[in-house]
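Input: a single structure, listed below in structure tokens.
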Amino acid sequence: MTDRVLELLRTRPDLAGLAAFLCDFDVRRARHGEQVHLASGASLEPIAGDDMGGTYFLSRGTAVLHASDDGHASLVADSVGEALEIAVRLPWWCETMTDERDEEDLRAAMRAADDEARKDFAPDLDAQRAELIHGPGLPDRPLVELLAL
């Protein structure tokens, strides 16, 4: 079974480029340097890479895992859509996001971090984020809910 959002990223270079740029989720780098497996024996399909040599995997057709280049792995989300939603709405450049903040505080932290990102590397951040959310039809959940995922 192919994930709908993954298939969209594979067939829409514009969305794939945005996912690579904003979220460090590059479907063009869907390979891993060494053999990896789960203790359960469930299959792992490499679906994207990141700038640090890590790989995102699809397990059992839905769950997304990330394996770093130094051997650490973690469950990221229950689907590619959920993983992308988390990555685009809780970006790597906003380092002060914690589950100890309420929605208003999270949005304020996000605005401040986004202002810096616009100055440093992403002047078109708002339009790019909107396209990456709306293109695949991702939901607009509260930030506190995304952090809980």
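These numbers were taken from a predicted model, which means no experiment stands behind them.
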Worked check of side chain to side chain contact (heavy atoms under 4.5 Å, CB included) between F57 and E45: CA-CA 5 Å; F57 293 92; E45 174 192 354; 6.0 Å; no

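- Atoms CG and CG, from D102 and D105 in turn, are 4.0 Å apart once rounded to the nearest 0.5 Å.
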Criterion side chain to side chain contact (heavy atoms under 4.5 Å, CB included) on V76 and L65, from CA distance to verdict: CA-CA 5 Å; V76 174; L65 296 98; 5.8 Å; no

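- Atom CD of residue E131 and atom CG of residue D124 lie 10.5 Å apart, to the nearest 0.5 angstrom.
- Considering all non-hydrogen atoms of both residues, L75 and A63 come closest at CD1-CB, 4.0 Å.
- Enclosure of atom CZ in R60 is not indicated, since only 12 or fewer non-hydrogen atoms of other residues, nucleotides or ligands lie within 6.0 angstrom.
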Return all side-chain donor-acceptor pairs below 3.5 angstrom for residues 141-149, not counting sequence neighbours, or 'none' if the list is empty.
unit_1, atom_1, unit_2, atom_2, d
R141, NE, E85, OE1, 3.1
R141, NE, E85, OE2, 3.1
R141, NH2, E85, OE1, 2.7

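- Screening D69, D50, D51 against R29 for a salt bridge (charged side-chain N to carboxylate O under 4.0 Å, His left out) leaves a single residue, D51.
- Heavy atoms only, all atoms of each residue included: L138 and L132 are closest at CD1-O, 3.6 Å.
- Judged by distance alone, the side chains of D114 and W93 do bring a donor and an acceptor atom under 3.5 Å apart.
- Two residues are said to be in side-chain contact when any heavy atoms from C-beta on lie closer than 4.5 Å; R129 and I133 meet this criterion.
- In this structure the side chain of D3 never reaches within 4.5 angstrom of the side chain of T62, judged on heavy atoms.
- Residues I47 and R10 form a side-chain contact, since some pair of their non-hydrogen atoms from C-beta on lies under 4.5 Å apart.
- A pairwise comparison of heavy atoms in P136 and R4 identifies O-NH2, 2.8 Å as the closest pair.
- Counting heavy atoms from C-beta on, the side chains of L58 and V64 come closer than 4.5 Å.
- Minimum interatomic distance between G135 and L8 (heavy atoms only, all atoms of both residues): O-CD2, 3.7 Å.
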Test log, rule side chain to side chain contact (heavy atoms under 4.5 Å, CB included), inputs D126 and R118: CA-CA 9 Å; D126 298 319; R118 280 184 210 93; 2.8 Å; yes

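- The minimum heavy-atom distance between A87 and C23, with the atom names listed, is CB-CB, 3.7 Å.
- Note that OG of S59 is 11.0 Å distant from CG of D78, once rounded to the nearest 0.5 Å.
- Salt-bridge check for K119 with E116: passed, with a basic side-chain N closer than 4.0 Å to an acidic carboxylate O.
- Every ring pair (Phe, Tyr, Trp, His ring centres under 6.0 Å) that F25 has, sequence neighbours left out, goes to Y56.
- Here D120 contributes atom CG and L125 contributes atom CG; the two are 11.5 Å apart, rounded to the nearest 0.5 Å.
- What you find for A20 and R28 is that their closest heavy atoms are CB-NH2, 3.4 Å.
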